[in-house]
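Scroll down for the structure; my scribbles are underneath it.
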There are 2 protein chains.
Amino acid sequence: MQITPQIADMVEETPVFELTTEGLCRSILARHQDTICVRKTAIAVPRLKRILESALDLSNRGGFQAMSLRDLSRASGMSTGGLYAYFDSKTTLRKMSLQEVTDLVQRVLGKPPAAIAADPVAHLRWLIDTHLHLTEALLPWFTFAFMEAKNFPPAERRIAVDSEALTERLFAEVIERGVMSGVFRTDTSPMLPALIKPLLQEWYVKRPKYRRRGISLVSYSATVQDFVLNACLKDTVSGRE
Amino acid sequence: MQITPQIADMVEETPVFELTTEGLCRSILARHQDTICVRKTAIAVPRLKRILESALDLSNRGGFQAMSLRDLSRASGMSTGGLYAYFDSKTTLRKMSLQEVTDLVQRVLGKPPAAIAADPVAHLRWLIDTHLHLTEALLPWFTFAFMEAKNFPPAERRIAVDSEALTERLFAEVIERGVMSGVFRTDTSPMLPALIKPLLQEWYVKRPKYRRRGISLVSYSATVQDFVLNACLKDTVSGRE
DNA sequence: CCAGAAATCGATCGATCGTTCGATAGAATA
DNA sequence: TATTCTATCGAACGATCGATCGATTTCTGG
């Protein structure tokens, strides 16, 4: 009996942005109205979608710097000049993608269902599982954000660093509540929240490895949940039943 | 009473290569005799050291692609043409660094002290602690290898992937021995070896974060060790001491 | 069907890239 | 000291980059 909240359920609560590439593109279009000079949404969204899908694909192969705008124009089926109707510089293109991902994480993880938020164990499981499902649904976006965040100029790098710090704080708060309510051990390592993040990143950074081994998202999620709960729960969590 | 084998002790067993940038440069020089056309070691080693230190520093800031050979020439105090006495192309420079790191990990982790290898718990702790100390001593090399491995062409990317697979196998073998000898739980997750690696990478990938928080390598190592042992040891590991 | 707007095109620019190579300086040899 | 070899230099080359902009196509309202 695994707690695996469906992403679809969550969308009903926040219907403004779907967790799809198209949804993100609509959000990007709204956020960058001033730089994107294509006015009709019906045209701009599918075009932007094609551009960003190609850009993420190319970047995730050889790095963002290595992707030339000629490569992007070829892959997206749009001329090099035409691309500039959707961004004013290559740097802006990078910022658009990264910013959208970090915003999304905070929007989704910040609003757990009320019933789940009441129970620290369920909440902790939900945070892990939801984060994994989120990255799975938007895999290219997250691999891009992870790999390219380090190459940002200092000013913009803060976006990624702050986002990660905020995610870690969500874990820290839940664990603290669990300790105070007596469910978690009082000697739980204060470093545990920081150690959860790399376990979640592992899933999308090394995605091909787990695909090759035939390991499903569900079983990976369950393993990480047990791994983490073993480190803080008073009663040891047995393996999958 | 923490098991923290000093790197210095290990060097005595494998005195051929010291765990310093200079030691790695000597190894690189020996391996690439044919492409490096500077014959006198007394000159080649310190020059190569300056070049690689600068290259790793620049790459780790903005990415390897973004580092131009003019940047590198300025930082290393050598002319752009002079650099080509130490590598025949920028790609070779990248391969030299990566290959050296992956080789080093296998050389060091593959030879645990006999006394430690006998006990699965001590061996597992030793693998974690030694890996962390190794990455700490050669931080720029590992951040470079981690960040740039993904941007390799498929053929050379295998070097990094295989190296990681081998490291994971070291963990898997120790854990399996622990299970068979009755020290580890029989229901230990088969995915545990894969989950250890990201916890070790976290240390050098997010190094500034832990420096900012004043978290020492020793305490990080102890936390990870306990975290992992909690997931496989029969008797729950209490907090530090 | 046609005028005007919206969207796209692709040749082109200057800058910068990795790389080459003849000249030069320094050390070793005799 | 003269000579040979080693190591380094930095100007220069062709290729490619991000970005521009006037021409062209496509769409839309009347």
Sugar-phosphate, base or nothing in reach of A:Ser89, heavy atoms under 4.0 Å: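 Result for A:Ser89 = sugar-phosphate.
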
Proximity to the side chain of [X] - top-ranked nucleotide from [options]:
| X | options | value |
| --- | --- | --- |
| A:Val38 | D:dT8, D:dT20, C:dT8 | C:dT8 |
| B:Lys90 | D:dG10, C:dG18, D:dG18 | C:dG18 |
| A:Met78 | D:dT20, C:dC9, D:dC9 | C:dC9 |
| A:Ser79 | C:dA7, C:dG10, D:dT20 | C:dG10 |

Nearest non-hydrogen partners of B:Phe144 and B:Leu98, listed with the distance: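 Of all heavy-atom pairs spanning B:Phe144 and B:Leu98, the closest is CE2-N, 4.4 Å.
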
Residues, nucleotides or ligands: over 12 heavy atoms within 6.0 Å of A:Arg61 CZ: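 12 or below, so no.
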
5'-most by nearest nucleotide on DNA chain D - B:Leu83 or A:Met67: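 With B:Leu83 and A:Met67 compared, the 5'-side residue is B:Leu83.
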
Side-chain ion pair, A:Arg125 and A:Asp129, N-O less than 4.0 Å: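 No, this pair does not count.
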
B:Glu168 and A:Lys206 ion-paired at < 4.0 Å: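 Between A:Lys206 and B:Glu168 there is no salt bridge, as every charged N stays at least 4.0 Å from the carboxylate O atoms.
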
Expressed in angstrom and rounded to an integer, what is the separation of [X] atom [atom1] from [N] atom [atom2]?
| X | N | atom1 | atom2 | value |
| --- | --- | --- | --- | --- |
| B:Phe64 | C:dG18 | CZ | C1' | 11 Å |
| A:Leu69 | C:dT8 | CG | C1' | 16 Å |
| B:Arg70 | C:dA15 | CZ | C1' | 11 Å |
| A:Tyr86 | C:dT8 | OH | P | 4 Å |
| B:Lys40 | D:dT6 | NZ | C1' | 6 Å |
| A:Arg74 | D:dG18 | CZ | P | 12 Å |
| B:Arg50 | D:dT8 | CZ | C1' | 12 Å |
| B:Gln65 | C:dT16 | CD | C1' | 14 Å |

Dump every N/O contact between nucleotides 23-25 of chain D and the protein below 3.5 Å, one line per pair.
none

Presence of B:Ser68 side-chain N/O under 4.0 Å of C:dT16 phosphate oxygens OP1/OP2: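 No, because none of the side-chain N or O atoms of B:Ser68 sits under 4.0 Å from OP1 or OP2 of C:dT16.
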
OP1 or OP2 of D:dT8 under 4.0 Å from side-chain N/O of B:Arg47: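 Yes, B:Arg47 has a side-chain N/O under 4.0 Å of OP1/OP2 on D:dT8.
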
Ring geometry between B:Tyr220 and B:Trp203 (parallel below 30°, tilted from 30 to 60°, perpendicular above 60°):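 It falls in the tilted class, 30° to 60°.
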
Flag side-chain contact, heavy atom, 4.5 Å: A:Met96 against A:Leu93: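 A side-chain contact under 4.5 Å exists here.
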
Expected output: side-chain B:Lys197 to main-chain A:Glu202 donor-acceptor under 3.5 Å: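 No; zero donor-acceptor contacts below 3.5 Å.
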
